[in-house]
2 protein chains.
Amino acid sequence: MEKQTITIYDVAREASVSMATVSRVVNGNPNVKPATRKKVLEVIDRLDYRPNAVARGLASKKTTTVGVIIPDVTNIYFSSLARGIDDVATMYKYNIILANSDENGQKELQVLNTLLAKQVDGIIFMGNQISTNMRSEFARSKTPIVLAGSVDSDEEIASVNIDYIAAVEEAVSTLIRHGNKKVAFVTGNMDQPINGLYRLNGYKKALAKVGLPFDEKLVFETEYSYKAGEAIWPEIKATDATAAVVGDDELAIGLLNGAGDDNAKFPDDFEIITSNDSKLTEMSRPKMSSITQPLYDIGAVAMRLLTKLMNKEEIENQTILLPYGIVERGTTK
Amino acid sequence: MEKQTITIYDVAREASVSMATVSRVVNGNPNVKPATRKKVLEVIDRLDYRPNAVARGLASKKTTTVGVIIPDVTNIYFSSLARGIDDVATMYKYNIILANSDENGQKELQVLNTLLAKQVDGIIFMGNQISTNMRSEFARSKTPIVLAGSVDSDEEIASVNIDYIAAVEEAVSTLIRHGNKKVAFVTGNMDQPINGLYRLNGYKKALAKVGLPFDEKLVFETEYSYKAGEAIWPEIKATDATAAVVGDDELAIGLLNGAGDDNAKFPDDFEIITSNDSKLTEMSRPKMSSITQPLYDIGAVAMRLLTKLMNKEEIENQTILLPYGIVERGTTK
DNA sequence: AAAAGGCTTTAAAACGCTTGCATTTGTTTT
DNA sequence: AAAACAAATGCAAGCGTTTTAAAGCCTTTT
């Protein structure tokens, strides 16, 4: 015999009050006489009643859960953001439906649709590219959306990032200041605005500032993976570049090790500044110099912003840039 | 004016059929005349109808979402499992509510309760310890639960793991075979059965097999973190141990770098075998020898098992051990 | 041509909760 | 002590689906 699940109705009966009253005490509504509240609370405790969030969601049209679209949890950059997101979500009594997209437009769309079907109260999107399909879905749905560590070049969607242009510019300038004439720029897919627009721009600005020519041969477009980093070293070496700014830490550590295995000495033979300051940067030898980004905070702030949006609060500025920095460790002079 | 959300009722009206019929076509029930199905499908398409999963959940008592309790997404070991979980969840049309617990009993309980309140169809629990509180909650709820990469010494709860005893025994034996007389055993909290019971046991068995004495001084209990690894090197060095089996990759890489920074040479001065074969093992220099575990698969199989449980299928064996191995890379001779 | 059956389809009752409105009870005012 | 008002509680209509029992509609069978 199935153990009956006990409902608000049972509590009401046992406490000799109406469902409405039970609902009020469960939801902390102040319009309940203390004595009544106590009585109801006792019954709730005795019956071990647990409100059904699904029913609640249907009745109130709020699910207190938000959807999080992430390229890959296994990537430390994104999982760091995710951790920030989850922590503040928890703080505000939300839960998170986490879905990996592999940055695949098809999957993203698919996932977005199930999230909306599940009536999430909001969505946090991570991913370097926002396909036009996604964009139009975003526009169409009235569910609030915030981008975390992902840019919307139109600035129509709320987002939390650092100033990638300035950060890369500063990183490249640092390398130039160290005497490097040929600084390679190694990053992911250039179709992604964060790379092709922002980072590349910062790179060019730094060169321009000191009158160095822009050389396409020094721009390396590859994928964000350890293997890709190892694999690309020979190509970089062939250009006589003496330094590189790299767009991803795994990629950078791959490059570092690839070069090291080829007997390059850091930082004397070659310098590297990577981009995310994830814990990987401290795990390599030498430790990697990096643009610093408050990864956890980007996630946290994004989620906080989302709570405001979900709450229909007025937002002064929905394109948030958090401070970045540069740490010099073992891969720069 | 709010854009009215359109419901199954609207579709029914427009298609001049009953809600029940619409429901059937939406759910792929075969008892619908092809012509009717077509008509309904057209209306669905025209109205851009999207079934409300919350209402569905209430009516059907199934939410097609499972809860995943994870110590920390940021930890590559767990995020690898999580990725496996999410992929097969998606495959079976489930979504995942991901919640970080920090292995904190209080939080775990809290999270478990919200997950149950949200009526998840099943739960996957990761975490090295199952508090008695959690155990009794598990027992009380009729929601299926599977442990992933986490042992239940009572074997009452379904779980997916490798044979930690045998794996550690083999790792230690390997080190002994390489000529090491003093092999340190470095791992996390010994109160956790996976460490104090299983791994330690494997360690002892390996020693016993060749008649080496068990020396408590060679057992190091610390936390799973990079810093802890760096910090513990001096202590290990002081014991004249010449090798170590380490319970976690981040910890191991910390130890490796700590030792390296102290001018220890691998593998000549010291050998290390770590435990999880996460991608970190390939990122260190030298690369780390490791027990291999099919991390992704542990998650995937756990989720697959959970689907069976949720489906009330008969399970032959609910304590699954996946194959492990040993890869020797740069930290062993 | 009536009876039997197999498909389709419908009506309406859940599912467990929130919430606006009405009602009751209790407290002040006058 | 009646009137006025405020606080506490109850009623009942949803919320958008699924699902079961019943009804309709055809085609076969006899």
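The chains referred to below are lettered A, B, ... by the order of the sequence lines, with proteins before strands, and numbering in each begins at 1. Being a predicted model, the structure only gives us computed values, none of them experimental.
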Do you know which two heavy atoms are closest between A:Asp121 and A:Pro144, and how far apart they sit?
O-CD, 3.3 Å
Pairs under 3.5 Å (N/O, protein and nucleotides 21-23 of chain D):
none

Could you give the CZ-to-C1' distance, from B:Arg56 to C:dC15, as a whole number of Å?
15 Å
Any chance the side chains of A:Glu103 and A:Asn128 put a donor and an acceptor closer than 3.5 Å?
yes
So if I take residues 109-116 of chain A and measure heavy-atom distances to DNA chain C, which residues fall below 4.0 Å?
none
Identify the residue among B:Thr64, B:Thr65, B:Thr63, B:Asn52 that makes a side-chain hydrogen bond (donor to acceptor under 3.5 Å, both in side chains) with A:Lys118.
B:Thr64
I want to confirm an ordering. Mapping B:Leu58 and B:Thr21 to their closest nucleotides on DNA chain D, which one lands closer to the 5' end?
B:Leu58
Report the nucleotide, chosen from D:dT17, C:dT8, D:dG10, that has the shortest atom-to-atom distance to any side-chain atom of B:Thr36.
C:dT8
Please report, rounded to the nearest Å, how far the P atom of C:dC17 is from the CZ atom of A:Arg50.
12 Å
Given atom CG of A:Asn27 and atom C1' of C:dT19, what is their separation to the nearest angstrom?
10 Å
Donor on one side chain, acceptor on other, B:Arg135 and B:Thr132, under 3.5 Å:
no
If you check the B:Ala20 side chain, which of C:dT19, D:dT17, D:dT19 turns out closest?
D:dT19
Taking only side-chain nitrogens and oxygens of A:Tyr49, does any of them come within less than 4.0 Å of OP1 or OP2 of C:dC17?
yes
